[in-house]
Structures are given as structure tokens and as C-alpha cells.
Amino acid sequence: MDQQPSAPRIRKRDLFKNLWRLAKPFWVSEEKWKAWALLALVIGLNLGIVYLSVQFNDWYGKFYRAMQGYDAKEFWAQMWRFCILAFFWILTGVYAQYLRQMLDVKWRRWMTERFNRRWLENQGYYRLQLVDRQTDNPDQRIAEDVRDFVSTTLGLSLGLLRSVVSFVSFVAILWALSGPLRFHFAGSDWVIEGYMLWVVILYALVGTAITILIGKPLVGLNFVQQQREADFRFSLMRIRENAESIALYRGESQEDQRLGLRLMRVVTNYWQIMRMQKRLTWFTSFWGQLAIIFPFIVAAPRYFAKAIDFGVVMQISNAFREVYDALEFVIASFYSLAAWKAIIDRLATFEQGMADMEKLPVLTPADAPVNATVRGLDVSKPDGTPLLTDLALSLVPGERLLVRGASGVGKSTLLRVLGGIWPFAQGDAAIPRHGGVLFLSQRPYMPLGTLRDAMSYPHERVGDTELLRGLLIQVRLGHLVARLDDTDHWAHVLSLGEQQRIAIARALLHRPAFLVLDEATSAIDEDTEQLLYGALLAALPDSIMISVGHRSSLKVFHNRFLDCEGEGRWALA
């Protein structure tokens, strides 16, 4: 059964703590001087835009005053001034956006590379899934959430800065233009200085409070939506990766049901987001439209009393709009803020998962000069169930160990311990790393690229074409000789048995001193399996070889045997 998306493990009050933890590394990294210089330029250009807005406000008053007074000379003078202001507005706006995008790219590249390194180092991509069930779809978090985090953080931060500076700049203007409001009430004369400033502040605060009240559920809904979108996309990817197996099972109906269920979860949650956005849009649209005529309504008494002229009214309207826009930042950005909060939650959960994973002690086998040794080794499942207890063995060059036992008793897990990727083990282990170490799994990894790349993996591309062709013929893949430099999706083009033969060819090519085969010939017929094991023994006479397998035919190729009996018990022969 598909699991419901899990809730974030971080607390709401940790928002800014998590934001700082995610953002800080870039700003103190080796890129910091370029980053701070770009940020300073972007901030300077944004302040320049605010300055130009102030100049435009002054232009409004003089232009409309010239229109009202039929002053042609002043009219053309203000038209020329407008052209100059418009030129610098466009120039400043273009470079403010361009330099911000440049900073966006640099930050995203650095942050993505940092996450990539942490995810890949010490097999973190493997260990993370063993110890952290909260972190779903790491690929989406690295590829999409990092992009959205950087873009939204810069956008909201610069928007907030611009709003604050605009508010400070236009408050003084609005205070001076609005003048006092005098009225008689309750037998007394009342005077409110700069009354329009207090009106716009009250107007914006009321709108912000109502917006937060209506839109608060969007934060959690956005978090869940990102999870469900990622789960649906992952299901589609799984079908593509396992196309042959599904086709042979005729599993289209079950896959369709599974996709339909995940799509329904995506759509159901999105409907909730739509309903919340509709309510929010109803209010914000109404409040925004009212803001257009509201300054004229409150300025009308002084205008009709002939205390101010039409040019001042237009200045008041523009200043009111600027102050309102600055105070309306939360209203205008609420959906972005909700999505940003969800992104920070997801990235913070991912980083916390990696931090927890990095703290796990992993038994990394030491570098032994010659022999492979294990002493006092305890291996368990993630839940603590023992698989092997106090295991001790020693293998000298040329010895070949066959690990046997029923499924689930710890055979493959022992190999993971020797590979240094299993976090639930204690004891001492050492393997001869000098001369190379190679682990072959039941389903070999086929990298994207040419067949030459696949055979050379995990080392650099091998250029000796005749050597590679000879190996293909040796592992009974002669029909692929002509395709050595073809690029294809080899994991889909080749059968599992052919992929396993490619992996054996890797061992014959690299000739490691320590070779581990985890059911690496399970999909190969016994006749070919005997041929391949014979080739390995002939090519690697002084290498230590460990195999896991169930076939009795493998016994003849090994001279040491480890029987895993379950519940920690074992026997060595």
C-alpha cells in the first residue's frame, strides 16, 4: 500500500533558523566575494528604482498641474523629463533583473554542487534511504527545490528591501501632501496631521491580517503537493525503468491503478489549493481594486474644498499606491511565501536527514597488506535484528569463499559491510585495497553512454579496442563487438544475463585483487556460468574472491565456505 506523505520534521518556529542554515554556506564560501559584490550591485539598482519612483511622483504633480493650468511650455518640459526618467528606469530595471539572475545562477550552481557532494560522498545516496524515511525524492529536492529556494529567497528578500525603502521614501511625501484633516465631532474640533498616511497604514494592515487568516492553510497544502507530485513522477519513472518486467507480467492494469491512485492524491490536494487560492484571490482582487479609488475618496474633501489642486491629488494617489504596495508586500507575496515555506521545510528535512546519516558510524574496512580478515563482526538489520554475530574469518590471496544460506539471513548484507556501506555493523574488518577492489551485484549498473563506457566502469574509459572486443567474445557477447562505441540505454537494450556478462568482463578487464560477486551470475545459464568462473580463476589466480549464490554448481569454483544460518549463527568450512 502506498504511504501517505509524511509531515515535515521541523517546527514552524524554526523557519528562519532553517533558512539561515540553508543560505549561510554560500555567503561564506569561496564564492563569497563575487556573491556579495553582485548582491551589492543588485541592491544598489533596486534602490535606484525607488529613487526614480520618487522622481516620477514629483513628475506627476508638475505634469498634471501644467495640464490643469494650460501651461504648454511646462507640459513639454515635463514630457522631456519623463523621457529621461523612463530611459534610466528601463536601464536600471534591465540590469537589476540581469544581475539578479546572474546571482541566482551562481548561488544555485554552488548549492546544487554542495548537495550533490554530500549526497554522493561515502555512499550517502544509499545510506540515507536506510536511516531516513522522512526524506522522499532526493532527486527532486536537489534539482527543483534548490532552484526554487534560491529564486524565491532572492525575490522575496529584494522585494522586502524595496518595499521597506519605498515605504520610508514615500511616507514623508504622503505626510507632506495629505496635510491636516479638520472635523467637528462630539462638540470638539479635531485635527489629524498627515491623515492619509494613517489611512493607508490601517488599510494595508487590515488587508494583510485578513490575507494571512485566509491563506494560512496554503503552507501545509503546498508542502504536501510537492511530495505528491514527486511521488507521481517517481511512479512514472519506475515504469520506464522496469518496462520489460511489467510487460512480461502484463501488469498494465495494476500500474494504471497505482498511477491513478497517486494522480488522484495529486489532484485532490490541488483542488484544496485551488479552493484556498480562490478565496484568497477574491479578497486580494477586491482589496487591490479598492486601493485604486481609495486615495481619491480620502483626498476628495480637501480637493473640493480647494485646499489642493489636481496635480497634488495625482501625487497623493501615486504616493498612496507606493506606500500601500510597500505595506501590501505580504498580501501580494502570500502565495510565494507559502510555497517558499514549504520549500524550506523540504530542503531542511533533506539536509537534516543527510546530517543524521553522516553521524552514523559505518564500519569501513581497513587497508590490509595481503589478507582479508574479519574479527568480532556483528551485523544486524536496521531494526536491530541480528544477522551475524561475532563473525571471524581470514582469506589469503588465491582463496575463494562461497557464502551460502537461505534468503534473508545476511549474505548480501555481509558484502555491504565489506563494501563499507552498511551502517549497522560493529567489529574489525580489513581488505587488500592495493591492486583494486570490485563488487559485482546481481543487477549491474549500466551507465548512460557507449558500451565501451559500460565495460570500463567504474574507471576511466579504456581505449584498447582490441582488448575490449576480445573480452566481449570471451563472455559470449560477440554480437556486440560492432557496437562497442554505440551510445544506447544499455540497461534496457541488454537482458539481465547480458548485463551480468558485461560485469564479468569488467572484472576480467580491471583484474582486482579483491573481487566480490553477489549472485552476479544468477541470470546466466550454468554452462556460461562455468565458462565465466573458469575465466575469472584463470585471470585472477592470486586474487581473493567472495561469492554469494544459491546454485550448487558454484561449489566447484570455491575452496572456502561460509554458511549463514540465521539469527546471528554461522559456520565456516
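Just the heavy atoms: all of them, side chains too, but no hydrogens, waters or symmetry mates, feed the values below. The residues of the chain are indexed from 1 along the displayed sequence.
Other residues, nucleotides and ligands contribute more than 12 heavy atoms inside 6.0 Å of the CH2 atom of Trp27. By the 6.0 Å contact criterion, CH2 on Trp198 is open, its count of non-hydrogen atoms from other residues, nucleotides or ligands being 12 or less. Glu460 CD: 12 or fewer foreign heavy atoms inside a 6.0 Å radius.
With values rounded to the nearest 0.5 angstrom, Ile210 atom CD1 is found 8.0 Å from Leu213 atom CG. Atoms CG and CG, on Leu263 and Leu236 in that order, are 9.0 Å from each other to the nearest 0.5 Å. Atom CD of Gln97 sits about 12.0 Å away from atom CG of Leu45, to the nearest 0.5 Å. For the atom pair CG (Asn18) and NZ (Lys341), the distance works out to 8.5 Å, reported to the nearest 0.5 Å. Ile343 contributes atom CD1, which lies 11.0 Å from atom CG of Leu22 (distance to the nearest 0.5 angstrom). One distance of note links CE of Met264 with CG of Leu259; it measures 12.5 Å at 0.5 Å rounding.
Ring-plane geometry between Trp287 and Tyr203 is classed as parallel, the angle between the planes falling under 30 degrees on a 0 to 90 degree scale with a further cut at 60. Ring geometry for Trp107 against Phe26 counts as parallel: the plane angle stays under 30°, on a 0 to 90° scale with 60° as the upper cut. Note: His492 and His489 have parallel aromatic rings, judged against thresholds of 30 and 60 degrees for the angle between ring planes.
Contact check for Gln101 versus Val105: no side-chain heavy atoms found under the 4.5 Å cut-off. The shortest side-chain heavy-atom distance between Pro25 and Trp110 falls under the 4.5 Å cut-off. Looking at heavy atoms from C-beta onward, Ile273 lies in side-chain contact with Leu218 at the 4.5 angstrom threshold. No side-chain heavy atom of Leu451 sits less than 4.5 Å from a side-chain heavy atom of Asp486. Annotation: side chain of Phe283 is not in contact with side chain of Arg279 (no heavy-atom distance under 4.5 Å). Side-chain contact between Ser53 and Trp89 is present, with heavy atoms from C-beta onward closer than 4.5 Å. Contact annotation: the side chain of Trp59 never approaches that of Gln55 to less than 4.5 Å [non-hydrogen atoms, C-beta and beyond]. Between Phe232 and Arg228 there is no side-chain heavy-atom pair separated by less than 4.5 Å.
Judged by distance alone, with hydrogens and angles left aside, the side-chain atoms of Thr92 form no donor-acceptor pair with the main-chain N or O of Gly48 at under 3.5 Å. Although no hydrogens or angles enter the test, the distance criterion places no donor-acceptor pair under 3.5 Å between the side chain of Asp453 and the main chain of Gly449. Checked by atom type and distance alone, the side chain of Arg452 pairs as donor or acceptor with a backbone atom of Val462 at under 3.5 Å. Between the side chain of Asn269 and the backbone N or O of Leu221 there is at least one donor-acceptor pair closer than 3.5 Å. Looking only at distances, no side-chain donor or acceptor of Glu74 sits under 3.5 Å from a matching main-chain atom of Ala66.
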Please evaluate residues Val165 and Tyr51 with respect to the criterion side-chain contact (heavy atoms from CB on, under 4.5 Å), reporting the C-alpha separation (whole Å), side-chain torsions for both, the decisive distance (0.1 Å), and the verdict. CA-CA 9 Å; Val165 176; Tyr51 172 78; over 6 Å; no
How far apart are the C-alpha atoms of Met111 and Leu347, what are their side-chain angles, what is the distance that settles it, and do they pass the side-chain contact (heavy atoms from CB on, under 4.5 Å) test? CA-CA 11 Å; Met111 192 172 181; Leu347 282 177; 4.3 Å; yes
List the steps, then state whether side-chain contact (heavy atoms from CB on, under 4.5 Å) holds for Tyr270 with Met274. CA-CA 6 Å; Tyr270 194 69; Met274 287 171 57; 3.5 Å; yes
Could you give me the CA-CA distance, side-chain angles and deciding distance for Phe87 and Ile84, then say whether side-chain contact (heavy atoms from CB on, under 4.5 Å) is met? CA-CA 5 Å; Phe87 170 78; Ile84 296 174; 5.8 Å; no
Using the rule given for salt bridge (charged side-chain N to carboxylate O under 4.0 Å, His left out), can you reason through Asp58 versus Arg81, listing the C-alpha separation, both sets of side-chain angles and the distance that settles it, and then say yes or no? CA-CA 11 Å; Asp58 181 66; Arg81 183 188 179 196; 2.9 Å; yes
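Here the closest heavy-atom approach between residue Ile49 and residue Ala96 is recorded as CD1-CB, 4.3 Å. The shortest heavy-atom contact between Ala491 and Gln499 is O-NE2, 3.1 Å.
Under the 4.0 Å criterion applied to side-chain N and carboxylate O atoms, Glu229 and Arg262 are not assigned as salt-bridge partners. No salt bridge links Arg265 with Asp231; every basic N to acidic carboxylate O contact stays at or beyond 4.0 Å. Salt-bridge check for Arg118 with Glu351: passed, with a basic side-chain N closer than 4.0 Å to an acidic carboxylate O.
Side chains of Gln78 and Arg65: no donor on one and acceptor on the other come within 3.5 Å. No donor-acceptor contact under 3.5 angstrom links the side chains of Thr450 and Arg483, judged on distance only.
Counting only residues at least two apart or on different chains, the salt bridge (Lys or Arg N to Asp or Glu O under 4.0 Å) pairs with a member in residues 83-110 are Glu31-Arg109, Arg109-Glu113. Residue pairs satisfying the side chain to side chain donor-acceptor pair (under 3.5 Å) criterion with at least one member in residues 150-163, sequence neighbours excluded, are listed as follows: Thr153-Trp340.
Phe115 and Trp119 have their aromatic ring centers separated by at least 6.0 angstrom.
Judged as a ring-ring contact (aromatic ring centres under 6.0 Å, His included), and not counting sequence neighbours, the contacts of Phe75 are Phe63.
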